[in-house]
Each structure stands twice: as C-alpha cells, then as structure tokens.
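Order of the sequence lines sets the chain letters (A, B, ...), proteins ahead of strands, with each chain counted from 1.
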Protein chains: 2
Amino acid sequence: MYICPMYSSELIKGTLRTIVLNLLKENGRMYGYEITQRVKELTDDKIQITEGALYPLLHALEASEDLETEVEFIGKRQRKYYRLTKQGKQTSKKKIDELREFIETLQILLDANKGTSHGLIN
Amino acid sequence: MYICPMYSSELIKGTLRTIVLNLLKENGRMYGYEITQRVKELTDDKIQITEGALYPLLHALEASEDLETEVEFIGKRQRKYYRLTKQGKQTSKKKIDELREFIETLQILLDANKGTSHGLIN
DNA sequence: ATGAATACATAAGTTTCTTATGTATATTTG
DNA sequence: CAAATATACATAAGAAACTTATGTATTCAT
C-alpha cells in the first residue's frame, strides 16, 4: 500500500512522447518496463508513467517508424527493446527542442508582471 | 492570411488552466478576449489560446468557484470580467507552484545522462 | 506457496483540447 | 459608405492523449 504524490497529471499530457524519445536518445535502447522505472527513478517518483499510456505510445512510435524493435528472451520472459530509427532521431531532436522552447515561453508567462505595482511582495 | 508558427500544441494541454489562473492573479481582473490577446502578446504569438478552449474553461472555473464575474457594457457590447475568488487564489497558487515544480522535473529528465560517455558533444 | 515484482498488452471511459459554427457590435479602410 | 477586420461572447462535434481497469504470464522473495 503506497501513496502516490504525483503531479495532477494533466501536466504529463503532451510531454510523455518527448520524454520517451529523449530517454531513448540518451540510452540507445530500452524496453517498456525499463522506461517506466527509469522515469520514476529520475524524477524521484514524481512522474510515474502508466503502462496504459506507455505501451500504446511505443506502438504508435513504431508504426510511424520513429522506433524499431528487437525482442529478447530473459528465460521464458520476453523483452521488447526499442531504439530510435534514423527518422526517429530527427523527430526526437525536434520534439526536445520544441519542449525546451515551450518551457522558456512558459517561464516568461509565469514571470510576467512580477515586480510591478500589482504583485508586490507576494 | 497569416501563418501560425505555434507549438505542436499538445504541449499546451494541461497548462492552459494554470496560465489563465496566473494571469488573473497578476492582473486582478480580465475578460476572456483580453486573456487570449495578452497571452498571444506575451509569448510573441507562440501560444494562441483558442476561444473554444478558453470560454469553457472560464465557465468551469466559475462553476467551481475559483472565479467570479461581473459584466460591463462598452457601448452595447458586453464584457465579462473574471477575477479570482479567495478560494481561487489558493487554487492559483497551488497550480502555479505545481507547474514550476513540474518544469524543474522536466529539466532533470531532459538533462539526464548529458555529459556521460553516451551523448558526448551532441 | 503466496505475494510482489517483472513484462507485456488492450479496452472503456474521461479530460481537454481543436475545429467549426453562430450571434452581434465596433472600427478601419478603400 | 460598404466591406472587411477586430472585438466579444458562446456552444457543439470530434480528436488526442491520457487514466483506470483488466488480462496473461514469468520470476523472485519470504
């Protein structure tokens, strides 16, 4: 029994694809479950990717030829590794750049009007 | 005829509510159309809130008692001003803090593994 | 041997936008 | 002064991207 102190996860919408592409870019190849655990670990449990979100996304990225797969067996249990295709590397770069820009824009919005007569000291 | 160099706007999903609450926090009171224009202006046209997204959101925030309204008339044309209620100020603060934290977490994710043997120099 | 962790998958439902449409007033421009 | 654009509201249908629930199966820990 554990509590989940996550973000009201509407925020994750729209960023998940980029997060996954970025992880694959940095790590070469990963399998689904590994991705969920890595994100959980890197974000100190603050972002937890659900499997219901991840697997369909991976399938879609494979269908669009941004990812390719190879299946391996650990004992009798299958693991499906994903890696970026050449096209996927471009997509990845584009998405990551876009996300960084978006974050900058957000920060402008969040900081707008700070320090004017309105919002003085809180 | 104009081109719209916007973000692949899946990114906006989830942040719109917070953006609106933040603007109202900083500006006291605003009306719908004003909000769309302010965001457009502040983000140098990079984020454009559609009316189909904004008005239902404002109505929902009013229904949840985070916002209250007062209608004014400019000539014969009506303007509906929105302002944060006391509860809305708390909601606003919570959402903004959450978004800032989320951005930090995202940056950790985007920068993970940078500077290791994998990703050297690009 | 029982529960938890690992590892995949899909389906139904919800939220949250986009796109399209509608109404009406005010201003600019040719 | 007519027509286009801008201002100002609103709602409905559809799409996208999740969550929640469920299912199967293997492996590890107690």
Notebook entry, point to check: Where do B/Leu57 and B/Val20 come nearest, in terms of heavy atoms and distance?
Noted result: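 Here B/Leu57 and B/Val20 meet closest at CD2-CG2, 4.1 Å.
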Next item on the list: Could you pull out the closest heavy-atom pair between B/Ala53 and B/Leu16, with the gap in Å?
Entry: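 Shortest heavy-atom contact: CB-CD2, 3.8 Å.
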Polar atoms only, N or O, under 3.5 Å: list the protein pairs with nucleotides 10-13 of chain C and their distances.
{"unit_1": "C/dT10", "atom_1": "OP2", "unit_2": "A/His59", "atom_2": "ND1", "d": "3.2"}

Salt-bridge present ([X], [Y]; N to O < 4.0 Å):
{"X": "A/Lys86", "Y": "A/Asp66", "result": "no"}
{"X": "A/Glu72", "Y": "A/Arg29", "result": "yes"}
{"X": "B/Lys80", "Y": "B/Glu70", "result": "no"}

Next item on the list: Begin with the C-alpha distance, continue with both residues' side-chain angles, and end with the deciding distance and a verdict on side-chain contact (heavy atoms from CB on, under 4.5 Å) for A/Arg83 and A/Glu68.
Entry: CA-CA 6 Å; A/Arg83 73 166 69 249; A/Glu68 60 192 8; 3.3 Å; yes
Item checked: Candidate pair B/Leu23 and B/Met30, rule side-chain contact (heavy atoms from CB on, under 4.5 Å), full reasoning -> CA-CA 8 Å; B/Leu23 273 181; B/Met30 300 178 83; 4.0 Å; yes
Margin query: Just to be sure I understand the rule, does B/Leu16 reach a base, reach only the sugar-phosphate, or reach nothing, if contact means heavy atoms closer than 4.0 Å?
Written below: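 The residue B/Leu16 makes sugar-phosphate contact but no base contact.
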Next item on the list: Any chance you could lay out the side-chain hydrogen bond (donor to acceptor under 3.5 Å, both in side chains) test for A/Tyr81 and A/Arg79, step after step, and finish with the verdict?
Entry: CA-CA 6 Å; A/Tyr81 278 97; A/Arg79 241 180 223 179; 3.2 Å; yes
Round to a whole Å and report the spacing from [atom1] of [X] to [atom2] of [N].
{"X": "B/Arg17", "N": "C/dT16", "atom1": "CZ", "atom2": "C1'", "answer": "9 Å"}
{"X": "A/Glu34", "N": "C/dC8", "atom1": "CD", "atom2": "C1'", "answer": "14 Å"}
{"X": "B/Ile19", "N": "C/dC17", "atom1": "CD1", "atom2": "C1'", "answer": "13 Å"}
{"X": "B/Leu54", "N": "C/dC17", "atom1": "CG", "atom2": "P", "answer": "10 Å"}
{"X": "B/Leu61", "N": "C/dT16", "atom1": "CG", "atom2": "C1'", "answer": "13 Å"}
{"X": "A/Lys80", "N": "C/dA9", "atom1": "NZ", "atom2": "P", "answer": "4 Å"}
{"X": "B/Glu70", "N": "D/dA8", "atom1": "CD", "atom2": "P", "answer": "16 Å"}
{"X": "B/Gln78", "N": "C/dA24", "atom1": "CD", "atom2": "P", "answer": "13 Å"}

Hey, is the main chain of [Y] close enough, under 3.5 Å, to the side chain of [X] for a donor-acceptor pair?
{"X": "A/Gln87", "Y": "A/Ser64", "value": "yes"}
{"X": "A/Ser92", "Y": "A/Lys25", "value": "no"}
{"X": "B/Asn22", "Y": "A/Leu109", "value": "yes"}

Item checked: Base of C/dT15 paired with side chain of B/Lys13 (donor-acceptor, under 3.5 Å) ->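 No pair found.
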Next item on the list: Note down the inter-axis angle between the two ends of the helix from C/dA1-D/dT30 to C/dG30-D/dC1, five pairs each, to the nearest 10°.
Entry: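 Rounded to the nearest 10 degrees, the bend comes out at 30°.
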Check: Rounded to the nearest 0.5 Å, what separation is found between the CD atom of A/Glu26 and the CZ atom of A/Arg38?
Finding: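 It is 10.5 Å, given to the nearest 0.5 Å.
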Check: Given D/dC9, C/dC8, D/dT7, which nucleotide is nearest the side-chain atoms of A/Tyr31?
Finding: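 The answer is C/dC8.
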All N/O pairs under 3.5 Å across the protein-nucleotides 24-26 of chain D interface:
{"unit_1": "D/dT26", "atom_1": "O2", "unit_2": "A/Arg77", "atom_2": "NH1", "d": "2.4"}

Check: Under 4.0 Å between a side-chain N/O of A/Tyr33 and OP1 or OP2 of C/dA5, yes or no?
Finding: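 False: A/Tyr33 side-chain N/O out of range (4.0 Å or more) of C/dA5 OP1/OP2.
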